[in-house]
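Heads up: the structure comes next, in structure tokens.
For the numbers below, each heavy atom of this structure counts, side chains included, while hydrogens, waters and symmetry mates do not. We count residues from 1, following the sequence as given.
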Amino acid sequence: MTGDDLAQLRRMCLIRAFETRAVQLYAAGEIKGSLHSSAGQEGVAVGVCSHLSDADYITSTHRGHGHAIAKGASIDRLMAELMGRATGYCRGKGGSMHVADFAVGMLGANGIVAAGIPMAVGAAYASQVRGEDRVAVAFFGDGALAEGVLWESVNLAALWKLPVVFVAENNQYAVSLRVRDGFAAERIVDVPESFGVPSTAVDGMSLVEVREAMETAVRRARERQGPTFLECLTYRFTGHSRGDPNHGPYRTKEEWSSWLEKDPIPRFAAETGAEARLEALTAEAEELVEQAAERARQDPFPTVESAYEDVYPSEVVAG
């Protein structure tokens with residue numbers, strides 16, 4: 001096991017521990033609003049971000065905690081945001097679906113399906129215009145395949161050879177709609193190929209496969225060869241959101257159980273010879289997350305007087 005392997009396994013354990021505790025805190029009423037867990041999809045988030053620096057950009061989805069943590073966001077500020085504290089990323093006003101950390105290139109999660117995709121294309125365009133060596137990544141779910149803005153973004157990125165990677169996290173369902181029932185093409189990757197964009201489908205439950213595919217995609221982007229489209233076949237271990245059961249009525253228990261056996265965390269530990277370290281890494285991650293939750297409990301809620309702060313710009317900059 002290399003140092004990078006260990007760091008990536010530790011990061012996956014941290015994401016899983018965070019998501020597990022967040023679900024528990026939501027059930028206990030300590031997290032309000034909505035909550036979408038990315039448990040099961042850690043291999044995609046960490047595999048993709050393993051080739052990115054803080055200078056590179058990502059845009060995320062409503063299921064974005066894992067992306068944020070994989071990119072280097074603080075679990076303290078993330079937990080504080082989910083628990084509605086003023087010390088959170090959005091000062092406790094944004095909640096689960098609006099986290100951003102510009103310091104590590106996390107341009108934001110988004111509650112609107114596919115809304116982050118054109119933002120990533122814009123960031124890639126800015127990098128190109130400025131002559132910077134920055135790559136942008138757009139994470140999105142299979143539900144975004146039905147949104148026109150995805151294909152408009154793919155087309156524009158191909159026309160201008162922008163340094164952007166489109167990462168489709170195909171977790172099999174857009175809420176309860178199966179991909180095969182909502183997308184006419186036999187293979188998702190055939191569609192971006194028609195725009196001249198190299199496209200690859202990989203096993204999203206394998207961090208190794210995602211990491212290898214991402215290495216090629218990032219190299220192409222940095223060498224100004226244009227965009228790449230990755231379809232990562234994965235699965236969310238929980239329901240769509242907290243009002244949705246883990247299995248049934250649209251996912252059978254047998255299907256759910258079969259995907260649990262493909263868990264990316266023990267799989268990566270086995271592939272890298274780190275099985276003996278997994279228990280300790282899991283305990284370490286759980287302790288860090290519990291400390292983050294306890295710190296958040298001690299932090300203040302935003303004041304009523306701050307309700308309109310950060311809504312409008314404090315000054316207008318002349319163009």
Side-chain angles (χ1 to χ4, degrees), residues 1-23 36-52 58 60-61 63-72 75 137 139 141-142 165 167-173 179 188-189 200-218 230-240 246-247 251-289:
M1 164 173 255
T2 67
D4 286 344
D5 288 339
L6 180 60
Q8 289 160 25
L9 180 59
R10 178 176 278 116
R11 191 62 59 93
M12 283 202 293
C13 289
L14 187 60
I15 295 171
R16 179 66 59 84
F18 187 94
E19 297 289 48
T20 300
R21 192 69 182 108
V23 169
H36 302 81
S37 170
S38 67
Q41 301 181 191
E42 296 89 350
V44 180
V46 177
V48 166
C49 291
S50 67
H51 291 289
L52 304 178
I58 68 168
S60 184
T61 69
R63 201 177 307 282
H65 311 149
H67 303 147
I69 295 171
K71 195 61 168 67
I75 62 168
V137 174
F139 285 102
D142 47 270
V165 183
V167 178
E169 292 181 292
N170 181 358
N171 63 21
Q172 316 304 310
Y173 296 91
V179 176
I188 290 172
V189 292
T200 305
V202 300
D203 182 355
M205 307 305 276
S206 169
L207 186 152
V208 173
E209 283 198 30
V210 175
R211 189 172 63 184
E212 290 177 352
M214 189 64 184
E215 181 179 14
T216 301
V218 168
L230 301 182
E231 178 194 5
C232 300
L233 299 165
T234 185
Y235 201 78
R236 50 176 164 80
F237 288 170
T238 64
H240 170 69
N246 294 345
H247 49 79
R251 303 198 306 184
T252 66
K253 186 173 183 179
E254 291 72 24
E255 176 191 293
W256 176 71
S257 298
S258 71
W259 279 94
L260 290 182
E261 294 175 0
K262 303 174 184 178
D263 192 322
I265 297 176
R267 178 174 175 178
F268 185 65
E271 291 171 339
T272 55
E275 292 168 293
R277 307 188 66 167
L278 185 54
E279 184 176 350
L281 290 173
T282 299
E284 173 190 281
E286 290 172 348
E287 178 60 24
L288 289 172
V289 170

For a side chain to side chain contact (heavy atoms under 4.5 Å, CB included) check, start with the C-alpha distance between F268 and V208, then their side-chain angles and the critical distance, and finish with the verdict. CA-CA 7 Å; F268 185 65; V208 173; 3.9 Å; yes
Row check, W256 ring normal vs K253 NZ/CZ: under 6.0 Å, within 45°: no
Please identify each residue that fulfils salt bridge (Lys or Arg N to Asp or Glu O under 4.0 Å) with R251, with sequence neighbours left out. none
Mark yes or no for whether S257, through its side chain, and E254, through its backbone, hold a donor-acceptor pair below 3.5 Å. no
If you define the side chain from C-beta out and look only at heavy atoms, does anything of C232 sit under 4.5 Å from V167? yes
Could you please spell out the steps behind the side chain to side chain contact (heavy atoms under 4.5 Å, CB included) verdict for V137 and H67? CA-CA 11 Å; V137 174; H67 303 147; over 6 Å; no
What residues form a salt bridge (Lys or Arg N to Asp or Glu O under 4.0 Å) with R16, not counting sequence neighbours? E42, D263
For residues G64 and S60, report the shortest heavy-atom separation together with the two atoms involved. CA-OG, 3.2 Å
Non-neighbouring partners of E275 that pass side chain to side chain donor-acceptor pair (under 3.5 Å), sequence neighbours left out: none
When the side chains of residues 278-287 are checked against the rest of the protein, which donor-acceptor pairs come out under 3.5 Å, sequence neighbours left out?
residue : atom : partner : partner atom : Å
T282    : OG1  : L278    : O            : 2.9
E284    : OE2  : R10     : NE           : 2.7
E287    : OE2  : Q291    : NE2          : 3.0

Does the side chain to side chain contact (heavy atoms under 4.5 Å, CB included) test come out yes or no for T238 and E19, once each step is laid out? CA-CA 10 Å; T238 64; E19 297 289 48; over 6 Å; no
Working note: V189 + T200, criterion side chain to side chain contact (heavy atoms under 4.5 Å, CB included); need CA distance, chi angles, decisive distance, verdict. CA-CA 6 Å; V189 292; T200 305; 5.8 Å; no
Tell me if a side-chain donor or acceptor on E169 pairs with a main-chain N or O of D142 at a distance below 3.5 Å. no
With sequence neighbours left out, write down each residue that passes salt bridge (Lys or Arg N to Asp or Glu O under 4.0 Å) with R211, or none if nothing qualifies. D5
Sequence neighbours left out, what passes salt bridge (Lys or Arg N to Asp or Glu O under 4.0 Å) with D203? Give chain and number order. R267
Could you tell me whether the side chain of T20 and the main chain of A17 form a donor-acceptor pair under 3.5 Å? no
